[in-house]
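For reference, positions follow the sequence shown, starting with 1. Predicted, not measured: the structure shown is a model, and the values here were computed from it. Each ligand, and each atom within it, is numbered from 1 in the order the structure gives.
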Amino acid sequence: MASAASPTTLSLIPTTSSSSTTSRSSPTVRLPSRFLRSPLRGLGFAAAAADPLFSAHVASKLQSLKTSARPITGVVSMAKRSVGDLSPADLKGKKVFVRADLNVPLDDSQNITDDTRIRAAVPTIKHLISNGAKVILSSHLGRPKGVTPKYSLAPLVPRLSELIGVEVVKADDCIGPDVEKLVASLPDGGVLLLENVRFYKEEEKNDPGFAEKLASLADLYVNDAFGTAHRAHASTEGVTKFLRPSVAGFLLQKELDYLDGAVSNPKRPFAAIVGGSKVSSKIGVIESLLEKCDILLLGGGMIFTFYKAQGLSVGSSLVEEDKLDLATTLLAKAKAKGVSLLLPTDVVIADKFAPDANSKIVPASAIPDGWMGLDIGPDSVKTFNDALETTKTVIWNGPMGVFEFDKFAVGTEAVAKKLAELSGKGVTTIIGGGDSVAAVEKVGVAEVMSHISTGGGASLELLEGKILPGVDALDEAVAVPVR
Ligand SMILES: Nc1ncnc2c1ncn2[C@@H]1O[C@H](COP(=O)(O)OP(=O)(O)OP(=O)(O)O)[C@@H](O)[C@H]1O
Ligand SMILES: O=C(O)[C@H](O)COP(=O)(O)O
């Protein structure tokens, strides 16, 4: 282990050598990922033009086209068909079953405390209603066991109506004769919100009979529920067996464009920042990113397992004893692949796990007994920032410390600020879901990031390279040569 005293000896693995970066930047054509596509496919330009979120997305796509140094030839796009690929005639007067992820947090008085997921669903809904479709909107909320009033979607109606600009009608069920009547009376451009699909156990069981009942309400299917795309449920997967076309909504498409497209075919150098509590929950993500990135920065509770694997004392820091070998293996893999893996050299330690704990900054090699590391230190922040300065693409998943306690939020907030700064310089910055999103929002820099995922589990699974059933079930876009 290098001494933590000097920033020049910060990395446990040699820092990015020009040779490793150069070799990774060479015009090697990688195998196409599952959704590799022409960067402009499936964006739905009509809706995109009207929405600042998507305008920015398109602008960054155009920019990436202009700046893409690597020619890709002979690769066939396997994009999913998008709602933007449907013609106005496909939509006018049609009943469209839209599965969104409106699983938003509610407080004890049933007030929405974060409407991000509702706002993210709006572009697809607006596109459909402006094309004269009848929108049958479906979602889950929470994990109810049977009909549970506190998990009703009713509290979402006012905000949804306000954002869409249409008075949303709410059904008390999601299947059955009453719902059918409401669907029959829906005007072109109207929106009917079905009740929580998870009130039926058949939803999570992906029961074909239940899926068929949902499908029977509509003429075509749009899945925009990225946050639930890793679940093979009746409304996310089963329904596609009974409804065609089955296409991706704009949000789902954008998530795939960034979390799969930009990550699998990044502008380089490409850095990944992975934090969070435990290495065990990020093994798949780290292994997958090691195949793609040039620089890997690790933070959060997981670093102590890496330190201990290297023979360092970690005091009472969070350690997964059964993952010490794994940590060693990951370090070796990074080295073998020429990935510059940086671990923090200094940490903020605390005498207890509490917001008012006594704290001090020490080298990573000098954590005393009885103290626990709860954040990365200032030298590490500086070295991480220097490493990020050279990048063209950055993805971040998981906080650098216990950011819920202000005293230990400094490292996480520093990363958020650095990414905001890089974003302003044209670097593609992707926030891969979970607590890093909360951190970015806390710092107030969410708007400037290239992409903030609305998925927690779904984004992790996509980053791990897993196939998401809710995506896999959708129609393939017509294969087109990328160039
Ligand atoms: N040094 C540390 N010691 C203990 N816990 C830590 C440490 N650093 C970060 N954490 C905790 O890790 C948690 C986040 O870890 P998690 O693995 O859930 O990450 P995430 O990917 O952001 O979230 P999710 O899994 O929900 O997508 C935070 O609650 C944070 O307090
Ligand atoms: O919040 C989420 O991650 C999604 O809405 C999926 O919810 P679930 O984990 O209950 O399936």
Between ligand 2 and the protein, give all atom pairs where both partners are nitrogen or oxygen and the distance is under 3.5 Å, as lines of names plus distance to 0.1 Å.
residue, atom, partner, partner atom, Å
ligand 2, 1 (O), Asn103, ND2, 3.1
ligand 2, 1 (O), Arg117, NH1, 3.0
ligand 2, 1 (O), Arg117, NH2, 3.4
ligand 2, 5 (O), Asp101, OD1, 3.3
ligand 2, 5 (O), Asp101, OD2, 2.8
ligand 2, 5 (O), Asn103, ND2, 3.0
ligand 2, 5 (O), Arg117, NH1, 3.2
ligand 2, 5 (O), His140, NE2, 3.0
ligand 2, 7 (O), His140, NE2, 3.4
ligand 2, 9 (O), Arg143, NH2, 2.6
ligand 2, 9 (O), Arg231, NH2, 2.7
ligand 2, 10 (O), Arg143, NE, 2.7
ligand 2, 10 (O), Arg143, NH2, 3.4
ligand 2, 10 (O), Arg198, NH1, 2.9
ligand 2, 11 (O), Arg198, NH2, 2.8
ligand 2, 11 (O), Arg231, NE, 2.7
ligand 2, 11 (O), Arg231, NH2, 3.3

Distance-only N or O hit between ligand 1 and Ser277, under 3.5 Å = yes
Pull out every atom of ligand 1 sitting under 4.0 Å from any heavy atom of Gly300, numbered as shown with elements.
-> 1 (N), 8 (N)
Residue part near ligand 1, for Asp375, under 4.0 Å between non-hydrogen atoms = neither
Any residue meeting ring-ring contact (aromatic ring centres under 6.0 Å, His included) with Phe408, in chain and number order, not counting sequence neighbours = none
Side-chain donor/acceptor of Lys282 to backbone N/O of Gly275, under 3.5 Å = yes
Which segment of Lys282 sits under 4.0 Å of ligand 1 when only heavy atoms are counted | side chain
Starting from atom 25 (O) of ligand 1, locate the nearest protein heavy atom and write down its residue, its atom name and how far away it is, to 0.1 Å.
-> Leu460 CD1, 4.2 Å
Counting from 1 in the order shown, the ligand 1 atoms closer than 4.0 Å to a non-hydrogen atom of Phe304 are 1 (N)
At a 4.0 Å threshold, what atoms of ligand 1 neighbour a non-hydrogen atom of Gly373?
-> 1 (N), 2 (C), 3 (N)
Please assess Glu204 against Arg143 for the test salt bridge (Lys or Arg N to Asp or Glu O under 4.0 Å), listing each intermediate value before the final yes or no.
-> CA-CA 10 Å; Glu204 290 176 73; Arg143 294 176 175 172; over 6 Å; no
heavy-atom search around atom 14 (C) of ligand 1 in the protein gives Asp435 OD2, 3.0 Å
Start with the C-alpha distance between Lys267 and Thr428, add both sets of side-chain angles, then the distance that settles side-chain hydrogen bond (donor to acceptor under 3.5 Å, both in side chains), and finish with yes or no.
-> CA-CA 8 Å; Lys267 289 179 279 171; Thr428 302; 3.1 Å; yes
Residue, atom and distance of the protein heavy atom nearest atom 31 (O) of ligand 1 read Glu404 OE1, 2.6 Å
Side-chain donor-acceptor pair present, His230, Lys466, cut-off under 3.5 Å | no
Where is the nearest protein heavy atom to atom 24 (P) of ligand 1: which residue, which atom, and how far?
-> Gly434 CA, 3.9 Å
Residue pairs fulfilling side chain to side chain donor-acceptor pair (under 3.5 Å) with at least one residue in residues 205-218, sequence neighbours excluded | Asn206-Glu237
With sequence neighbours left out, the residues meeting salt bridge (charged side-chain N to carboxylate O under 4.0 Å, His left out) with Asp107 are none
Minimum-distance protein heavy atom relative to atom 6 (C) of ligand 1 = Val402 CG2, 3.5 Å
Give yes if a backbone or side-chain nitrogen or oxygen of Gly301 is under 3.5 Å from a nitrogen or oxygen of ligand 1, and no if not.
-> yes
Does the ring of Trp371 carry Lys360 above it, NZ/CZ under 6.0 angstrom from centre and within 45° of its axis?
-> yes
State yes or no: are the ring centers of Phe353 and Phe405 separated by less than 6.0 Å?
-> yes
Let me see the working for Ile376 and Phe384 under side chain to side chain contact (heavy atoms under 4.5 Å, CB included), right down to the final yes or no.
-> CA-CA 10 Å; Ile376 63 173; Phe384 280 17; 4.1 Å; yes
Please answer whether the main-chain N or O of Leu141 pairs with a side-chain N or O of Asn196 as donor and acceptor at a distance below 3.5 Å.
-> yes
Judged by atom type as modelled, is there a donor-acceptor pair below 3.5 Å linking the side chain of Ser152 to the main-chain atoms of Ala154?
-> yes
